[in-house]
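Remember, it's a predicted structure, so these values are computed and weren't measured experimentally. All heavy atoms count here, side chains included; hydrogens, waters and symmetry mates do not.
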Amino acid sequence: MGCAKLRPVANQGRRLLDRVLAGVPAGESPLTHTEDQPARPAQPVPWPSWAPPEVVSALVERGVTTPWRHQAEAASLAWSGSHVVVATGTASGKSLAYQMPVLSALTVDPKATALYLSPTKALGADQLRSVDSLGVPGVRAASFDGDTPMAERDWVRAHANWVFSNPDMLHRGVLPNHARWIRFLRRLSYVVVDECHAYRGVFGSHVALLLRRLRRVAQRYGADPVFVLASATVADPGASASALLGVPCAAVTEDGSPRAGRTVALWEPPLLAELEGENGAPVRRSAGAETARILAELVVEGARSLAFVRSRVGAELTALGARRLLSEVDPSLGARVAAYRGGYLPEERRALERALSSGELLGVATTNALELGVDIVGLDAVVVAGFPGTLASFWQQAGRAGRTEATDALVVFVARDDPLDTYLVHNPSAVLDKPVEATVLDPTNPYVLEPHLACAAAELPLTPESLAAFGGDAALAVVEDMVARRVLRRRPNGWYWTAHDRPHGEVDIRGSGGEQVVVVEADSGRMLGTVDHGSACWQVHSGAVYLHQGESYVVDELDLDSGIALVHAEKPEWTTTARDTKDIAVVRVLEQRSFDGVTVCLGEVEVTSQVVGYLRKLPSGQVIDSVPLALPAQTLVTRAVWYTVSADLLVKALSDTGSPSTHPPDTHSPNTGSPGPNSLGTHSPGTHSPDAESGFEPGSDSPDTGPFGSGSAAESGPDSVPEPVPVPVPNRGLSGGGLSGGGLPDSGLSGSAPGGAGLAPARIPGALHAAEHAAIGLLPLFATCDRWDIGGVSTALHEDTGEATVFVHDGHPGGAGFADRGFDAVVPWLVATREAIAACACPAGCPSCVQSPKCGNGNDPLDKAGGVAVLDVVLGVVGEEFHDVRHGHVDHDRSAATKP
């Protein structure tokens with residue numbers, strides 16, 4: 001039969017949507033909202049007078065007849081010597097904004113050099129091909145990344161005048177060996193930082209310090225390069241770029257490029273009547289399975305389509321599902337669908353990129369590896385399976401759709417079964433009308449700052465003057481501590497690195513902790529891929545099912561010391577999902593706001609997490625069994641926002657509500673009042689993947705799990721559901737286990753509550769647990785993170801606070817700024833959390849409101865109505881007062897604000 005060949009037509013987005021909906025029974029439409037966004041005309045301007053004729057001619061020959069307004073404006077600012085960021089939409093031609101000044105400089109001054117940095121190798125390789133295709137005389141562009149053969153690296157250092165690299169290689173390959181790069185650094189005129197909105201959180205803080213180190217070394221050789229940054233549309237791009245660079249940066253934000261019209265559809269998968277989730281909760285068809293069906297329909301229609309899926313496993317399973325559906329229509333169509341993700345070998349990635357660019361592949365299920373990857377704009381349709389964490393990323397992914405001004409495209413956002421996605425599809429304005437977020441980074445985070453100061457001292461001695469760029473007093477305090485520990489040595493002219501070995505190899509700028517774990521097929525010795533060290537316990541523990549390009553393997557052994565996971569090929573009927581436990585302790589309170597019975601805090605915490613077992617599940621979601629594991633615990637010192645609620649307020653709130661939403665908590669686990677056994681929600685954050693000379697795709701996607709996470713069950717199978725069976729924890733009980741004897745020891749909550757006949761105390765753990773899960777799910781609305789960047793713990797009685805407490809913490813050492821954003825926006829954050837729970841139609845809690853796919857306790861106990869009651873109490877006491885405190889308008893008789 002074959003697929004149809006799609007012809008460009010008006011209203012194409014609507015037509016494709018109708019095709020996708022064709023098989024949906026009448027009255028059961030999954031759409032919650034659709035919106036037609038109009039096309040935007042181009043705003044061309046003349047070529048700048050300073051651009052050399054040979055550069056203009058090369059661009060015109062490649063089809064660029066005139067630049068658009070934002071391209072010319074940004075290029076002219078850079079040519080005049082101003083640091084500049086161009087922040088416009090996807091496919092707006094931002095590359096021309098830096099190509100014009102860089103190519104002009106290399107043409108006018110044959111000795112000038114330029115450096116290009118991108119967060120992914122795929123993007124760097126694509127931009128290098130673009131520059132090479134122009135054929136501008138005298139431009140010697142070359143790649144210098146983990147895939148560059150050793151034999152070519154000397155040539156790049158000696159002859160290239162435009163080097164395309166990434167932050168990882170700048171950190172490990174260029175700066176520690178800057179003496180070998182004197183020729184290049186001495187004449188460095190421009191530094192291009194592409195897709196700079198990707199540099200947020202801990203990774204962004206690392207890159208900010210890395211760029212300061214680059215400027216310092218370049219200035220040592222007499223260069224003062226102009227930085228040109230390209231960004232997706234973000235809030236206040238000038239301030240974000242200035243924070244990244246450490247110097248003032250002009251912003252160009254008015255987009256003069258044309259844009260195709262597009263139909264945006266918000267899609268909520270249907271409930272599955274034949275299945276029940278944990279504790280009898282209703283279950284929706286998984287976003288991965290729904291996306292596979294949509295992708296298959298689009299391929300049959302001949303539409304070039306991308307499906308962005310949240311996890312690596314999810315991308316593999318979505319591609320498999322689409323191929324399986326297509327094989328029932330036409331066996332030849334299955335070959336035109338593939339998965340693309342980080343962890344593939346370099347040659348595999350390049351082959352997929354070529355097939356996608358040529359049109360050989362019609363449908364690709366990808367992680368965010370292609371959000372910033374090859375130049376694949378002009379697609380007919382994009383499916384976003386699950387909110388990608390930020391609006392900036394959502395619109396970056398959606399912007400891949402649209403061929404010309406005359407051809408509309410389709411964007412479908414498929415909600416996962418979690419609180420944030422459910423909130424968004426039922427509140428369209430939060431997606432379609434809300435301004436994109438500002439990026440969050442903190443270069444003064446001491447856990448990030450210290451290793452970069454060590455690297456900087458190893459590159460060139462630190463001086464008091466140089467510390468200003470690294471944070472001034474904050475940097476001086478860290479340096480003095482390093483001197484006290486004899487990491488640095490103070491001399492009259494500065495601070496020196498004391499060790500013989502350079503520190504660069506020990507510094508992981510992507511914040512994942514440790515080197516890569518290599519996945520090897522035991523029988524053949526063939527290397528299949530890599531997993532970052534911090535995620536290995538969750539992804540490749542013994543017994544785990546590992547997917548690679550559609551083939552499944554089972555892990556025989558994980559050797560963390562050697563960094564090897566041995567696997568064998570097998571096609572089991574089940575998938576695996578790891579489970580963990582978590583403890584949390586308060587290290588230091590940084591800021592505290594006290595109200596009548598409620599305290600809101602920001603501070604440092606120590607989180608201890610351990611994978612204790614895994615579940616084996618059938619595709620239907622049925623759990624076969626739970627298997628215990630003995631893996632090492634991991635400890636994280638980070639930042640958290642938390643609130644405490646007094647016993648009196650909780651008893652009153654919960655005695656005023658109806659019966660608990662789920663069955664009472666497990667009474668087999670004693671509640672001792674310690675952070676461990678009392679800790680309920682162990683929702684755990686993920687990490688980002690490092691790049692090294694091994695050739696791993698830097699920043700290509702967020703792996704399914706991380707050092708404080710257990711993976712997303714929503715993507716573990718085509719129709720998977722949350723796990724209904726908790727893993728037993730030897731000698732510890734369930735993390736967040738229930739009550740013993742009907743009360744909480746020393747909590748003031750034992751006995752009967754007024755009007756509650758003794759029910760309220762027993763409901764407190766489930767109520768706090770529900771509020772915590774939903775709060776984690778909604779924080780990405782207010783901070784540039786996603787659910788897997790953060791974690792949480794709730795406890796009916798925490799030994800450090802002495803009260804019922806809900807913690808939400810960053811998933812990176814020292815914090816990434818997410819908890820700080822939650823503290824600043826605690827009222828709107830908790831209002832949205834309460835609304836998400838209350839608006840859900842389920843009777844007793846489900847993944848769309850209070851269940852978490854990563855809960856270490858099997859989502860037990862959970863009390864949906866109690867969660868709403870807890871949030872009502874907190875908001876009723878805090879309300880506008882917290883907002884007033886933050887802005888200095890508080891009645892101090894009712895609240896106490898302290899900053900320890």
Side-chain angles (χ1 to χ4, degrees), residues 30-33 265-272 275 277-278 281-295 307-318 321 365-368 382-391 393-394 397-398 411-428 430-431 575 577 617 621 683-686 701-702 704-705 709-723 773-774 776-781 785-790 836-837 839-842 845-855 859:
L31 296 183
T32 61
H33 182 80
L266 306 186
W267 184 295
E268 185 174 45
L271 290 169
L272 300 173
L275 288 179
E278 285 182 315
V283 175
R284 294 190 182 276
R285 182 173 165 86
S286 76
E290 199 80 337
T291 299
R293 190 187 70 78
I294 295 171
L295 186 61
F308 286 98
V309 185
R310 296 301 313 282
S311 70
R312 297 179 180 182
V313 171
E316 296 276 5
L317 291 173
T318 297
T366 179
T367 60
N368 61 352
V382 164
V383 184
V384 181
F387 187 64
T390 66
L391 288 169
S393 290
F394 174 81
Q397 294 175 4
V411 176
V412 182
F413 168 40
V414 180
R416 291 185 304 166
D417 209 359
D418 72 23
L420 178 58
D421 284 25
T422 302
Y423 178 88
L424 292 175
V425 294
H426 289 284
N427 293 269
V431 179
T575 59
T577 303
K617 300 186 308 176
H683 183 99
S684 306
D701 54 44
S702 297
D704 309 300
T705 56
S710 57
S712 170
E715 300 297 353
S716 61
D719 290 293
S720 63
V721 297
E723 309 86 338
H773 277 185
I776 290 169
L778 270 294
L779 182 57
L781 275 180
C785 65
D786 67 31
R787 184 170 184 153
W788 314 110
D789 288 326
I790 54 180
I837 302 174
C840 185
C842 75
C846 70
S848 294
C849 57
V850 297
Q851 286 191 345
S852 168
K854 301 179 73 177
C855 178
N859 286 298

Inset, instruction - Let me see the working for C849 and C842 under side chain to side chain contact (heavy atoms under 4.5 Å, CB included), right down to the final yes or no. - result: CA-CA 9 Å; C849 57; C842 75; 3.6 Å; yes

[atom1]-[atom2] distance between [X] and [Y], expressed to the nearest 0.5 angstrom:
X	Y	atom1	atom2	answer
E290	E268	CD	CD	10.5 Å
L266	D421	CG	CG	10.5 Å
D418	L778	CG	CG	9.0 Å
F413	H33	CZ	NE2	12.5 Å
W267	L31	CH2	CG	6.0 Å
T367	F308	OG1	CZ	9.0 Å

Legend entry - Contact check, side chains of L424 and L781, non-hydrogen atoms, under 4.5 Å: yes

Minimum-distance pair of heavy atoms, taken over all atoms of [X] and [Y]:
X	Y	result
V850	H773	O-ND1, 2.7 Å
V309	G314	CG1-C, 3.5 Å
V384	P388	CG1-CD, 4.0 Å
V425	T32	O-OG1, 2.6 Å
R416	A287	CG-CB, 3.5 Å
A415	P269	O-CD, 3.2 Å

Legend entry - Candidate pair V383 and L295, rule side chain to side chain contact (heavy atoms under 4.5 Å, CB included), full reasoning: CA-CA 8 Å; V383 184; L295 186 61; 5.6 Å; no

[X] side chain to [Y] main-chain N or O, any donor-acceptor pair under 3.5 Å?
X	Y	answer
R284	D417	no
T318	A365	no
R310	F387	yes

